[in-house]
*Asks:* 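After the structure tokens below, expect a handful of questions from me.
Every heavy atom of this structure was used, including side-chain atoms; hydrogens, water molecules and symmetry mates were not.
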Amino acid sequence: MILNKTDVPIWEKYTLTIEEASRYFRIGENKLRKLVEENPAAGWVIMNGNRIQIKRKQFEKVIDSLDAI
């Protein structure tokens, strides 16, 4: 992947799209969408219109506390 000068590395982003979060956390996009549907008011979810954004650091804490997804 070639980064442009304006591209921010994924590990430095505050929020991730479902597609970015799927690659970063190695979780399927459908599974992430299901987690958001089941937890719409979770502290790691931001809705930008109808686009889902995942707060990377907050979701990392959730992942760290789980044994299975």
*Asks:* One thing to verify: whether Arg33 and Glu19 come together as a salt bridge, which I'm taking to mean a side-chain N less than 4.0 angstrom from a carboxylate O.
*Replies:* yes
*Asks:* Would you find a donor on one side and an acceptor on the other, under 3.5 Å apart, between the side chain of Arg56 and the backbone of Lys13?
*Replies:* yes
*Asks:* May I have the step-by-step check of side chain to side chain contact (heavy atoms under 4.5 Å, CB included) for Lys31 and Ile69, ending in yes or no?
*Replies:* CA-CA 8 Å; Lys31 183 62 174 182; Ile69 295 180; 3.4 Å; yes
*Asks:* How are the rings of Trp44 and Phe59 set relative to one another: parallel (under 30°), tilted (30 to 60°) or perpendicular (over 60°)?
*Replies:* tilted
*Asks:* Quick one: CE on Met47 to CD1 on Ile52, what's the gap to the nearest 0.5 Å?
*Replies:* 5.0 Å
*Asks:* Among Asn48, Ile46, Ile54, which one satisfies side chain to side chain contact (heavy atoms under 4.5 Å, CB included) with Thr15?
*Replies:* Ile46
*Asks:* Does any non-hydrogen side-chain atom of Ser22 lie less than 4.5 Å from one of Leu32?
*Replies:* yes
*Asks:* Quick check: is Val62 connected to Tyr14 through a chain of hydrophobic side chains (ILVMFWY, heavy atoms under 4.5 Å apart)?
*Replies:* no
*Asks:* Please tell me if the side chains of Thr17 and Arg51 come closer than 4.5 Å, counting only heavy atoms from C-beta onward.
*Replies:* yes
*Asks:* What do the steps show when you test Val45 against Lys55 for side chain to side chain contact (heavy atoms under 4.5 Å, CB included), and what is the final call?
*Replies:* CA-CA 6 Å; Val45 176; Lys55 293 180 184 177; over 6 Å; no
*Asks:* Are any side-chain N or O atoms of Glu12 and backbone N or O atoms of Pro9, one a donor and one an acceptor, separated by less than 3.5 Å?
*Replies:* no
*Asks:* For Glu60 and Tyr24, test the side chains for any donor-to-acceptor distance below 3.5 angstrom and give the result as yes or no.
*Replies:* yes
